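Below: the structure, in structure tokens.
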Amino acid sequence: MFVTPLKQIHIEMGANMGEFAGWEVVTNYTSSIEEHLAVRNGIGLFDVSHMGRIIVKGKDSTQFLDYVTTKNVLKLSPGKISIPTAMLNYEAGFVDDISLFMLDEKEYLIVCNAINREKNIQWLNCIAKEKNYSVEIIDITFKTCMLALQGRKIKDFEERELNLNIERDSFLKNIKILDCKVEILSKSGWTGENGYELILEIEEGKKIWKKLLTIGIKPCGIVARDSLRLEAGFLLYGNEISEEINPLEARYWIFSFNKGEYIGRKKLESLLEEGINKIRIGLVMKDKGPLPRKGNEIYSGNKKIGYITSGGYSPTLDKGIAMGYVEPKFFFLGGSVKIKIRDNMFEAKIIEPPFFKK
Amino acid sequence: MEKNHPSDRKYTKDHEWAYKENGLIVIGITWYAQSKLKDIVYVELPKIGKKVNKGEAIAVVESVKTASDVYSPVSGEIVEVNKELENKPELINQDPYGKGWIAKIKPTNLEKEWNELLEVKDYLKLIST
């Protein structure tokens with residue numbers, strides 16, 4: 001198992017550790033509900049060092065990335081991020097959804113899901129070789145750490161500690177925050193709140209983690225990160241998206257046709273004419289009760305129409321919420337379906353995420 | 001750890017406790033179990049009158065993280081359940097041996113089964129390894 005480089009600090013500060021995507025990460029510092037609400041109402045700090053960080057550089061890097069990803073890379077300029085974008089397979093299934101940072105002319109950074117890091121590197125190398133692109137692919141995951149600072153009160157932090165201005169989907173390189181050297185600071189995140197993501201050298205990461213906590217920011221774990229992204233309606237690889245699910249089914253609009261040929265494009269174009277066999281929906285339980293979980297079946301009347309891909313407790317709504325897939329002809333937005341949880345049926349309403357009001 | 005696990009009751013390797021009270025067996029989950037689950041948000045209680053075997057799943061405790069079965073420490077009949085948990089599942093986190101009790105069972109084979117349960121020292125040994 002891989003281990004977050006900040007593990008020692010987390011343990012010293014009383015965090016609980018657990019496994020996620022082959023990494024030992026913080027599950028929670030205190031209560032995951034408290035941590036969740038700290039982000040919704042204040043500011044929380046996450047160690048997301050498990051996220052994959054891959055440099056792609058070289059003579060053909062722009063053309064290569066334009067060919068393996070779904071948005072127009074030629075439109076990027078240094079300091080801009082394409083977020084989210086994706087790499088698809090030839091059948092238009094997701095290899096991964098990623099953020100693509102343009103660091104410099106002919107130099108990019110891919111931030112990807114932890115679970116897919118090794119697969120992605122293999123995929124990139126394989127395509128580069130097959131199509132004769134001259135690029136260099138370097139995994140910098142283990143040389144750096146990554147933090148996410150997220151929350152409704154992020155403006156307070158901006159005013160107090162950051163004397164700079166970053167647009168959403170942009171980033172800055174080599175800056176100082178709280179006297180720590182931050183290699184990349186981007187205005188981005190995965191909680192449904194505004195915030196920043198920081199990539200730093202490991203020692204600087206340890207320093208800034210401690211400093212951020214001394215100014216009253218709440219440390220949070222992966223359990224809260226998951227409930228936050230679920231409330232925001234964000235898709236998790238391995239749950240809502242996979243090699244077998246395409247962007248149309250996921251209603252994940254991360255692709256463009258205003259660009260050249262890319263892997264998966266042909267299939268996407270033919271799917272637009274063929275239609276799809278399943279579609280992603282959001283579900284909120286009618287009553288406070290048992291929680292829908294991944295794998296539960298969805299019913300309309302007595303007919304099974306789909307399954308849950310992510311489910312759990314929403315601290316904001318104080319009941320169960322979920323995402324899942326149903327046959328498109330049963331996508332009764334605003335209507336009711338039933339979810340089978342441990343042999344009993346519970347009513348849920350099909351809604352469009354996010355599950356909370358901003 | 002020791003202060004969190006009273007010696008007036010017995011334990012199971014699946015992290016339930018059993019306490020003798022007026023001929024009935026009160027059951028719940030241990031301090032250790034609730035500390036691992038954290039943030040309990042729902043408890044599925046057994047039906048009153050249900051006949052259960054020792055080791056049978058009789059309740060489900062759901063935390064933000066996961067759903068876990070609760071196994072009966074003894075055989076018998078469910079005669080009372082803690083209705084308060086329906087609205088306040090967090091009582092299990094706050095007071096696992098008191099207000100967070102789950103059910104009361106009228107035992108049918110207690111003489112044999114009580115001896116099969118773990119003493120606190122053995123339970124502490126189990127969770128420290």
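Fair warning: this is a prediction, and the values are worked out from it, not measured in the lab. Each chain gets a letter, A, B and so on, in the order its sequence line appears, and its residues count up from 1.
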Exercise. When only pairs under 4.5 Å are counted, which of A:Lys288, A:Arg342, A:Glu34 shares the most heavy-atom pairs with chain B?
Worked result: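 Highest number of heavy-atom pairs under 4.5 Å: A:Arg342.
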Problem set entry | Test item: side-chain donor near acceptor, A:Tyr252 and A:Asp97, under 3.5 Å |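 Side-chain D/A pair, A:Tyr252 to A:Asp97: present.
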For this session: May I ask you to check whether over 12 heavy atoms, not counting those of B:Lys38, lie within 6.0 Å of atom NZ?
Result: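 Count over threshold, so yes.
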Problem set entry | Evaluation steps, salt bridge (Lys or Arg N to Asp or Glu O under 4.0 Å), between A:Glu347 and A:Lys338 | CA-CA 4 Å; A:Glu347 198 175 330; A:Lys338 290 187 188 104; over 6 Å; no
Problem set entry | Contacting region of A:Asp226 [heavy-atom separation from chain B under 4.5 Å] |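 Neither part.
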Problem set entry | Heavy-atom proximity to chain B below 4.5 Å, by part of A:Asp318 | neither
Problem set entry | chain A contact via B:Val43 - which portion, at a heavy-atom distance below 4.5 Å | neither
Problem set entry | Atom pair NE2 (A:His10) and OH (A:Tyr29), whose distance is rounded to the nearest 0.5 Å | 5.0 Å
